[in-house]
Amino acid sequence: MIPYGKQSISQDDIDAVTDVLKSDFLTQGPVVPDFEKSVAQYCGAEFAIATNSATSALHIACMSLGVNKYSLVWTSAISFVASANCALYCGASVDFVDVDPETINITPKTLAEKLRHAKANGHALPDVVITVHMAGQSCDMEAIFKLSIEYDFSVIEDASHAIGGRYQGHPVGSCLFSDVTIFSFHPVKIVTSAEGGMALTNSPEIAKSMSLYRSHGVTKDLALMQKSEGPWHYDQVVLGFNYRMTELQAALGLSQMRNLAQFVNNRTAIASGYQHALSGISASLPKTEPFSDPSWHLYILRLDNKKMDRLEAFNRLREKGLGVNVHYRPIYLNSYYQKLGFKAGLCPVAEDYFSRCISIPLFHEMTEESQDKVIKLVKEVCE
Ligand SMILES: *Cc1c(COP(=O)(O)O)cnc(C)c1O
């Protein structure tokens, strides 16, 4: 089976992890800060807080932006469930913004429509909007940032798919047009630390708050404590969590960062091979916006479902050895969200997309032969 995604682990990665195993620190040593520095520098952001997952990073980002049981958080209808669950962890309400049919991202248009509609009908406006850079292509963040000023909400970029991508030439993660950007280092993403995530920001206050929430809410910073009883003394000042990344994970992630440019170049080349070879099949290919250089986390076809049933195409491709997948079902169609009262029909474009989408294999170590095989099989099934 050719998988839809797969990590690449070099001998240098393995050596970096074994070096940590032989060192004095398995956690809370020097490598986590080095990894944070490396990602912050790559992205041109001031601060980076490593966590044990992107899900944890989303949670502490919401906490640090003041999300609580009175808050409303909006996110994209099409994403992994973590993009919405983080708001529910804080006791907040969530709602979903429909996506653009071509990029499957929230756009200034789809977001502005929902904002205007909410305002005109006296409904609550969001305190935080979490944009999702679907498949590694950035949303139009400058325009979304302008809306955030007009309607007074904070912005988190869920860039779990998008490390190494660019927006208007700036690395995703620069936080030029957001309060916080989140990366995931799960093995199917662009760079891996096994499990792991990171939250980037240019705000010293948000950074300080996120690092408190990451580690039990405990501090030795005298400025935050009531008084120090002595050098041993730490103080818990908020209710935090243990969301820390280990040194082993950070060593893997730091070593992987050295290959990031290569990873993204290679993914871009594979994607452009697909764009050429697959034009003309009964499916729409991904559309790249002029402002964006995607990291190509996923390559998603949208089948023409008048000609082609998705389930049938999926089963036929799987039978032939392609590990195709579906990203994603609209979050609110999951049972848990249905029980919260969300109804089918909320985001028609997202639901139509979901009925037609299929992700085909794309990963760094994909050989030319396997790509040719994918192209041949997809053409057979979708022509
Ligand atoms: C993978 C993913 C997450 C969660 O990442 P973890 O590191 O597994 O917690 C969140 N949002 C999106 C869009 C993702 O793809």
Side-chain angles (χ1 to χ4, degrees), residues 3-7 32 35-36 39 48-63 73-90 94 96-97 99 103-106 128-139 141 155-165 172-173 178 180-200 210 213-214 241-246 248-250 252-253 256 267 294-300 325-332 334 336-337 350 353-354 357 359 362-363:
Y4 83 85
K6 181 173 176 275
Q7 71 274 17
V32 167
F35 182 32
E36 290 172 336
V39 176
I49 313 295
T51 54
N52 56 2
S53 71
T55 305
S56 312
L58 283 163
H59 185 193
I60 60 173
C62 285
M63 298 286 294
V73 175
W74 287 4
T75 190
S76 175
I78 298 289
S79 184
F80 184 58
V81 291
S83 308
N85 287 346
C86 55
L88 300 185
Y89 296 158
C90 303
V94 288
F96 299 91
V97 184
V99 294
T103 62
I104 324 306
N105 275 338
I106 293 182
V128 175
V129 172
I130 303 176
T131 65
V132 178
H133 302 327
M134 187 61 185
Q137 165 155 250
S138 177
C139 298
M141 292 311 301
V155 179
I156 299 174
E157 297 175 68
D158 182 346
S160 292
H161 298 183
I163 194 167
V172 170
S178 64
V180 182
T181 301
I182 304 297
F183 292 131
S184 170
F185 305 120
H186 182 278
V188 296
K189 309 291 163 71
I190 311 279
V191 160
T192 189
S193 63
E195 296 280 0
M198 207 173 278
L200 284 74
M210 290 196 298
Y213 282 118
R214 167 179 63 179
F241 310 89
N242 181 352
Y243 283 168
R244 292 188 304 257
M245 177 181 275
T246 67
L248 299 166
Q249 292 167 312
L252 178 55
Q256 289 250 310
R267 285 174 173 277
S295 59
W296 292 104
H297 166 51
L298 297 169
Y299 193 90
I300 303 173
N325 222 319
V326 168
H327 301 95
Y328 300 92
R329 179 206 225 168
I331 294 176
Y332 62 82
N334 285 283
Y336 183 79
Y337 283 86
Y353 161 79
F354 167 58
C357 64
S359 306
L362 197 176
F363 52 93

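Counting convention: from 1, in listed order, for ligands and their atoms alike. Treat the numbers as computed from the prediction; the structure is a model and nothing was measured.
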Distance alone, cut at 3.5 Å: any donor-acceptor contact between the side chains of [X] and [Y]?
| X | Y | result |
| --- | --- | --- |
| Glu157 | Thr181 | yes |
| Arg244 | Asn52 | no |
| Glu195 | Ser53 | no |

Ligand 1 atoms in contact with [X] (distance to a heavy atom under 4.0 Å):
| X | answer |
| --- | --- |
| Lys189 | 1 (C), 2 (C), 3 (C), 5 (O), 14 (C), 15 (O) |
| Gly196 | 7 (O) |
| Ala54 | 4 (C), 5 (O), 6 (P), 7 (O), 9 (O) |
| Tyr328 | 15 (O) |
| Ser79 | 13 (C) |

Protein contact to atom 10 (C) of ligand 1 [nearest heavy atom, distance to 0.1 Å]:
Ser160 OG, 3.4 Å
Just need the protein heavy atom nearest to atom 9 (O) of ligand 1, so name the residue and atom and give the distance.
Thr55 OG1, 2.5 Å
Between [X] and ligand 1, which part of the residue brings a heavy atom under 4.0 Å of the ligand: side chain, backbone, both or neither?
| X | answer |
| --- | --- |
| Asp158 | side chain |
| Phe183 | neither |
| Ala82 | side chain |

side-chain contact (heavy atoms from CB on, under 4.5 Å) with [X]: which of [options]?
| X | options | answer |
| --- | --- | --- |
| Met134 | Thr103, Asp158, Ile300 | Ile300 |
| Ile106 | Ile78, Val97, Ile130 | Val97 |
| Thr131 | Ser138, Ser79, Cys139, Ser83 | Cys139 |

N or O pair under 3.5 Å between [X] and ligand 1:
| X | result |
| --- | --- |
| His161 | yes |
| His186 | no |
| Ser184 | yes |

Sub-4.0 Å heavy-atom approach of Gly197 to ligand 1
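No.
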Over all heavy atoms of both residues, which pair between Tyr332 and Ala77 is shortest? Give the atoms and the distance, please.
CE2-CB, 4.0 Å
Under 6.0 Å between ring centres: does that hold for His327 and Tyr4?
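When the ring centroids of His327 and Tyr4 are compared, they turn out to be within the sub-6.0 Å range.
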Would a line drawn from the ring center of Tyr353 to the ring center of Tyr328 be shorter than 6.0 Å?
no
